[in-house]
Asks: 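Let me give you the structure first, and then I'll get to my questions.
All values derive from a computational prediction rather than experimental measurement.
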Amino acid sequence: MSVSQEEAKSATTSTFLTALVFNAAVFGIETAAFTILRRYFKQIYEPRTVHPVEKERVKPFETGLLTWPLTLLKADYRDIQRVNGPDAYLFVRFLRMMIIVLVPIWVVSWIILLPVTAVNNSIAGRTGLDRFTFGNISPYNQPRYGAYVVCVYLSTFWIYWNIRRELRHFVTVRQLHLIDPEHSRSAQANTILVTGVPAKYLSEKALSQMYSQLPGGVKKVWLNRDLKDLPSIYDRRLAACNKLESAETNLLRTALKIRKKNLKEGKSTDGASNADQAERDVALAERLVPKDQRPTHRLPPSFLPFSFPFTGEKVDTIDWARNEIATCSALLREARQTLDNDSNPALPEDVNDNDTIPTQTYRLLNSAFITFNQQLSAHMAYRALTHHEPYRMADRYLEVSPQDVIWGNLGLNPYEKRVRVAISYSATAALIIFWAIPVAFVGIISNIYGLCVKYSWLAWLCKIPSPVIGIIQGILPAVLLAVLNMLLPIVLRLFARFEGIPTRTGLELSLMTRFFIFQVIHSFLIVTLASGIISALPSLLANPSSAASLLATYLPQASTFFLTFIILQGLSGVAGGFLSIVQLVIYYVKLFILGSTPRSIYDIKFAPRTVQWGTLFPSVTLLTVITLAYSIISPIINGLAVLTFFLFYLLYKYLFLYQYTQPPSLDTGGLFFPKAIQHVFVGMYVQQICLCALFFLLKDPSGKRGAIPEGVLMIVLIALTAGYNIIINDSFGPLISALPLSLADKTHKLDEPASSGAQPSTSLDRTNSKKREAPQFTKDDLDEDSDARDLDDNYFQKHVDGTVDYGFAHPAISRPQRVVWIPDDSDAWTTSAGEGSAARRGLGPAEVDANTAHGVLATTEGTTMDENSQVEVSAAPVDVDKF
């Protein structure tokens with residue numbers, strides 16, 4: 001059985017219906033599963049409501065079994081800004097904006113364009129969705145193209161109005177965020193990062209004098225240094241702490257197993273006589289757990305970073321980790337003393353900008369963090385022309401927090417950085433070119449009927465049952481495209497990091513632009529062209545001279561793929577976001593495989609879930625571009641897009657209220673939003689250019705160009721859009737990042753006391769803004785060899801509420817040893833142990849004592865182990881380095 005060319009053309013309806021039925025079924029199944037599971041797995045579906053830190057909890061999502069959609073619809077999306085900051089709020093606001101934009105376009109286009117296209121106008125017996133596309137208008141009904149011009153003008157001016165309205169709202173939200181008292185007093189709001197600093201100014205004194213011209217002057221200058229191997233030593237100590245936590249937990253489990261065995265055999269449960277009570281409890285674990293049952297591991301050869309199985313020296317893990325921590329701490333302490341000696345080197349008065357600084361153990365890098373006494377001064381310094389030579393101190397970064405810094409990118413020469421930028425974008429362009437091959441293949445799959453009709457060796461495709469063809473054309477391309485898009489961010493992030501961007505938020509902003517370019521070119525333009533060319537291929541090969549008119553006829557048929565893509569995102573994608581089945585499975589797999597220590601269990605259960613804005617925003621703005629591009633050519637897409645954006649709006653309102661936690665230290669104050677608005681302009685340009693080209697390519701029955709006036713009107717509209725884009729950027733651009741003088745009286749100044757009565761605190765994560773004190777130790781309890789001994793206010797200051805501000809000092813030169821978190825198994829031992837048992841305290845507290853004796857900070861606070869060796873956590877870890 002063969003398929004005719006006209007049957008191949010009409011297969012779009014079958015493809016669309018197959019995709020619609022399939023995705024609707026998936027949507028129904030996943031939504032039903034979420035409705036049932038969400039009440040039983042709050043750790044997955046409402047983690048913010050069960051957070052162990054009380055001030056981090058939100059009100060539970062209490063609703064009936066089937067009434068949750070209505071409750072979620074009534075929830076105020078503005079609460080997102082309060083619990084998750086401006087970035088999350090403005091993302092949901094963008095989804096809301098798109099709903100407001102598309103609803104009138106949907107109604108008007110269906111009322112006007114569907115009848116204009118379909119009524120008394122079919123070409124060659126077209127049926128189904130093909131009747132509602134731009135290419136279905138007969139050459140004898142050319143006046144009907146005027147309806148398309150009217151609709152595109154109306155929709156464009158409606159979008160203009162909404163863009164201006166939303167940007168005004170964005171500016172208000174951002175400025176209120178900047179002058180918010182809590183944020184305004186933070187180090188993040190009062191600090192700039194300056195790179196490319198010449199040698200003459202690489203001292204606290206020189207930089208303070210330079211910026212003393214600004215109101216309030218400089219509070220603190222943080223010079224950055226080439227720390228050589230210190231970061232790796234710091235990482236070694238963290239790894240040793242992790243190793244020690246795992247080994248200590250395994251030791252306690254082994255001891256409990258031995259206890260159970262001894263109880264069955266009627267032996268002593270503590271392995272020690274009353275005479276042994278005189279011995280220190282630190283020896284208790286050694287008496288209870290035989291040496292051959294203690295945790296061990298093998299060390300890799302000195303020339304390899306890892307060891308092969310059954311090779312390398314076998315060591316006792318606990319002893320090795322304690323010694324490793326002590327060794328690394330000693331190395332860090334020695335290096336910090338050297339750094340103190342290197343601080344503020346005396347520079348000759350005649351040092352030139354191009355001279356190098358005097359030789360030091362840890363040389364100064366050409367960058368510095370400068371914290372001002374007034375918030376307005378930081379904004380003025382960010383905007384001011386700092387140096388009189390090219391590229392010197394030209395790269396400045398505002399609203400930088402210590403957690404946001406990419407420390408490895410702070411020492412690049414300004415010329416080297418610009419070379420890296422050129423290489424980075426060249427590599428991006430090359431990747432765009434070569435990525436076209438697999439993406440074009442996806443576009444071909446979306447229209448395989450055109451190939452099977454023309455090429456006999458592919459005729460077997462035409463014999464496949466229609467439902468199977470519908471799945472291949474309607475579902476497989478969208479899935480393949482989604483997989484390809486998942487691989488891109490990994491490479492693009494590497495390009496942005498290579499470029500030398502010194503902040504994680506800056507990297508995400510760069511990634512947003514790169515990823516969007518990729519999305520538009522490959523997920524839209526190439527797929528559109530490939531699908532349209534394949535549709536026109538049989539006629540094009542028969543009559544090559546008709547290429548222009550054939551593309552004008554067949555290009556709109558490529559909308560079928562995007563109809564199915566919108567359906568996939570709006571139904572299967574949204575329902576999958578609610579259900580989060582992969583996250584549910586991974587959660588329990590991680591608990592089973594990786595949940596061995598209190599810290600790993602806490603991280604699995606309560607660690608903040610965040611989003612990557614650099615990929616999330618482009619995935620949504622791609623849908624915006626697709627919808628706007630086809631909103632006039634194939635107006636059927638408008639109704640589907642409204643549904644998709646509405647479902648996304650509900651999904652992310654739910655996620656940001658009950659699941660995700662965006663740390664304030666990584667919040668840009670909404671800077672992703674104006675970039676998203678520029679993407680809306682891209683969608684309008686694509687729409688208008690495509691319509692303009694189609695109008696100029698159209699021919700009347702006599703073979704003459706039949707839509708010249710419409711094409712000219714589209715050129716006028718393109719010019720209007722470009723002009724409006726320029727006006728918007730010119731008027732709102734300066735307000736995006738700068739803080740105006742009209743708000744100066746509402747910004748932070750040094751003489752304003754903080755609400756808590758403490759010194760201005762840094763922008764710490766919400767979960768770490770107020771830490772309780774560990775009962776087992778204090779810094780004063782540590783001996784004189786402590787790595788915190790030599791630290792002064794150059795590295796940290798302790799506030800009255802117990803929090804410690806390390807400022808912008810690199811973790812390797814400021815943070816003390818991370819506290820080793822050991823479960824408290826006292827209850828497991830006292831369950832059946834005698835009153836005089838040596839184990840009545842449990843091995844956990846005894847191991848804390850043993851670690852303290854070795855100079856290793858440890859605690860059992862907030863975690864327990866029961867008699868079945870199950871570890872539970874009831875509070876956040878007490879980490880000195882996170883105070």
Asks: Measure the acute angle between the ring planes of Y145 and F695, then classify it against the limits of 30° and 60° as parallel, tilted or perpendicular.
Replies: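 Perpendicular.
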Asks: Given the rule in the side chain to side chain contact (heavy atoms under 4.5 Å, CB included) test, do E508 and F617 qualify, once you have shown the distances and angles that lead to the verdict?
Replies: CA-CA 10 Å; E508 289 298 306; F617 244 122; over 6 Å; no
Asks: Using only atom types and a distance under 3.5 Å, with no angle test, would you say the side chain of W110 pairs donor to acceptor with the backbone of P635?
Replies: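 Yes, because the side chain of W110 sits within donor-acceptor range (under 3.5 Å) of the backbone of P635.
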Asks: I need the L571 CG to L568 CG distance, nearest 0.5 Å.
Replies: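 One finds 8.5 Å between CG of L571 and CG of L568.
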Asks: OG1/T627 to CD1/I105 distance, rounded to the nearest 0.5 angstrom?
Replies: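 It comes to 9.5 Å.
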Asks: Among all residues two or more places apart in sequence or in another chain, which pass the side chain to side chain contact (heavy atoms under 4.5 Å, CB included) test with L95?
Replies: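 Once residues adjacent in sequence are excluded, the partners of L95 under the side chain to side chain contact (heavy atoms under 4.5 Å, CB included) criterion are F91, V620, F645, F648, Y649, Y652.
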Asks: Hey, mind stepping through N729 and Q678 against side chain to side chain contact (heavy atoms under 4.5 Å, CB included) and telling me if it holds?
Replies: CA-CA 9 Å; N729 292 341; Q678 298 304 313; 2.7 Å; yes
Asks: Give the intermediate values and the outcome of side chain to side chain contact (heavy atoms under 4.5 Å, CB included) for residues I626 and I637.
Replies: CA-CA 9 Å; I626 291 173; I637 203 171; 3.9 Å; yes
Asks: For the atom pair CZ (F170) and CG (L671), what is the distance rounded to the nearest 0.5 Å?
Replies: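 Those atoms lie 6.0 Å apart.
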Asks: Show me the pairs that pass side chain to side chain donor-acceptor pair (under 3.5 Å) and involve residues 679-693, at least two apart or across chains.
Replies: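 Only T156-Q688, T621-H679, S631-Q687, Y685-N725, Q688-T721 qualify under side chain to side chain donor-acceptor pair (under 3.5 Å).
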Asks: Evaluate whether atom CH2 of W106 has more than 12 neighbouring non-hydrogen atoms of other residues, nucleotides or ligands under 6.0 angstrom away.
Replies: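 It does not: W106 CH2 has 12 such atoms or fewer within range.
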Asks: What is the minimum heavy-atom distance between V173 and P86, and which atoms define it?
Replies: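 Scanning both residues completely, I find the closest heavy atoms to be CG1-CB, 4.4 Å.
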Asks: Go through the side-chain N and O atoms of T661 and R609 and say whether any donor and acceptor fall under 3.5 Å apart.
Replies: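 Checked: T661/R609 side chains show no N/O donor-acceptor pair below 3.5 Å.
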Asks: So which heavy atom on R144 is nearest to which on V116, and how close?
Replies: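 The pair with the smallest heavy-atom distance is NH1-O, 2.7 Å.
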Asks: If you look at every heavy atom in L651 and G577, which pair is closest and at what distance?
Replies: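 In this case the closest contact between L651 and G577 is CD1-C, 3.6 Å.
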Asks: F524 and F562: ring pair (Phe, Tyr, Trp, His ring centres under 6.0 Å), yes or no, with the steps?
Replies: CA-CA 8 Å; F524 176 68; F562 295 110; 5.4 Å; yes
Asks: Is any side-chain heavy atom of L717 closer than 4.5 Å to a side-chain heavy atom of L713?
Replies: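 Not touching, per the 4.5 Å side-chain cut-off.
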Asks: Give a yes or no on whether the backbone of G576 and the side-chain of E30 come within a donor-acceptor separation of less than 3.5 Å.
Replies: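 Yes, because the side chain of E30 sits within donor-acceptor range (under 3.5 Å) of the backbone of G576.
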Asks: Tell me if the centroids of the rings in F157 and Y160 come within less than 6.0 Å of each other.
Replies: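 F157 vs Y160: aromatic centres under 6.0 Å.
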Asks: Can you tell me how far apart OG (S580) and OH (Y587) are? Round to the nearest 0.5 Å.
Replies: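 It comes to 13.5 Å.
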Asks: Return the minimal non-hydrogen interatomic distance between F495 and T428, and the atom names on each side.
Replies: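 Minimum heavy-atom separation between F495 and T428: CD1-OG1, 3.5 Å.
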Asks: Do the rings of W161 and W158 sit parallel, tilted or perpendicular, given the 30° and 60° boundaries?
Replies: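 Ring orientation, 0 to 90° scale: parallel.
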Asks: Parallel, tilted or perpendicular, judged at 30° and 60°: which one describes the rings of W435 and F518?
Replies: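 Perpendicular: the ring planes of W435 and F518 meet at over 60°.
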Asks: Return yes if some donor-acceptor pair links the side-chain N/O of S619 with the main-chain N/O of L616 below 3.5 Å, else return no.
Replies: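 Pair found, side chain donor or acceptor close to backbone of L616.
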Asks: Between K675 and L509, what is the shortest heavy-atom contact and its length?
Replies: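 Nearest heavy atoms, K675 then L509: CE-O, 3.6 Å.
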Asks: Does the ring of Y724 carry R164 above it, NZ/CZ under 6.0 angstrom from centre and within 45° of its axis?
Replies: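 That pair does not qualify as a cation-pi contact.
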Asks: Among H169, R165, E166, whose side chain to side chain contact (heavy atoms under 4.5 Å, CB included) with M97 holds?
Replies: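 Answer after filtering H169, R165, E166: E166.
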Asks: Does any part of the side chain of F696, heavy atoms only, come nearer than 4.5 Å to the side chain of I715, both counted from C-beta?
Replies: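 Yes, close enough: below the 4.5 Å cut-off.
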Asks: Under 3.5 Å, side chain of K653 to main-chain N/O of L73, donor-acceptor pair present?
Replies: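 Between the backbone of L73 and the side chain of K653 there is a qualifying donor-acceptor contact (under 3.5 Å).
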Asks: Distance check, rounded to the nearest 0.5 Å: S155 atom OG versus L628 atom CG?
Replies: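 The CG atom of L628 is 8.0 Å from OG of S155, to the nearest 0.5 Å.
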Asks: Quick check for you: to the nearest 0.5 Å, what is the distance between I80 atom CD1 and L657 atom CG?
Replies: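 It is 4.5 Å, given to the nearest 0.5 Å.
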Asks: Considering only heavy atoms from C-beta outward, does the side chain of L114 approach that of I636 to under 4.5 Å?
Replies: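 The answer is yes; the side chains approach within 4.5 Å.
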Asks: Given side chains that start at C-beta, do those of N638 and Y630 come closer than 4.5 Å, heavy atoms only?
Replies: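 Not in contact.
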Asks: Output, in order, the C-alpha distance, side-chain angles, deciding distance and verdict of side chain to side chain contact (heavy atoms under 4.5 Å, CB included) for W68 and Y654.
Replies: CA-CA 10 Å; W68 66 265; Y654 165 76; over 6 Å; no
Asks: Give a yes-or-no answer on whether the side chains of R78 and Y89 include a donor-acceptor pair shorter than 3.5 Å.
Replies: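 On atom types as modelled, these side chains do not qualify, holding no pair under 3.5 Å.
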Asks: Listed by chain and number, what are the ring-ring contact (aromatic ring centres under 6.0 Å, His included) partners of Y45, not counting sequence neighbours?
Replies: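 Residues passing ring-ring contact (aromatic ring centres under 6.0 Å, His included) with Y45: F34.
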Asks: Does the side chain of Y660 come within less than 4.5 Å of R48's, by heavy atoms?
Replies: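 With C-beta onward as the side chain, the pair stays apart.
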Asks: Can you confirm whether E46 sits close enough to F41 that some side-chain heavy atom of one is under 4.5 Å from a side-chain heavy atom of the other?
Replies: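 No, their side chains stay 4.5 Å or more apart.
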Asks: Is there a donor-acceptor pair closer than 3.5 Å between any side-chain N or O of D87 and the backbone N or O of D667?
Replies: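 No; judged by distance alone, with no hydrogens or angles, the pair does not exist.
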Asks: Where do I633 and C690 come nearest, in terms of heavy atoms and distance?
Replies: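 Taking I633 first and C690 second, the nearest heavy atoms are CD1-SG, 3.4 Å.
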Asks: Would you mind reporting whether F516 and V625 have side-chain heavy atoms less than 4.5 Å apart?
Replies: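 Yes; the side chains approach each other to less than 4.5 Å.
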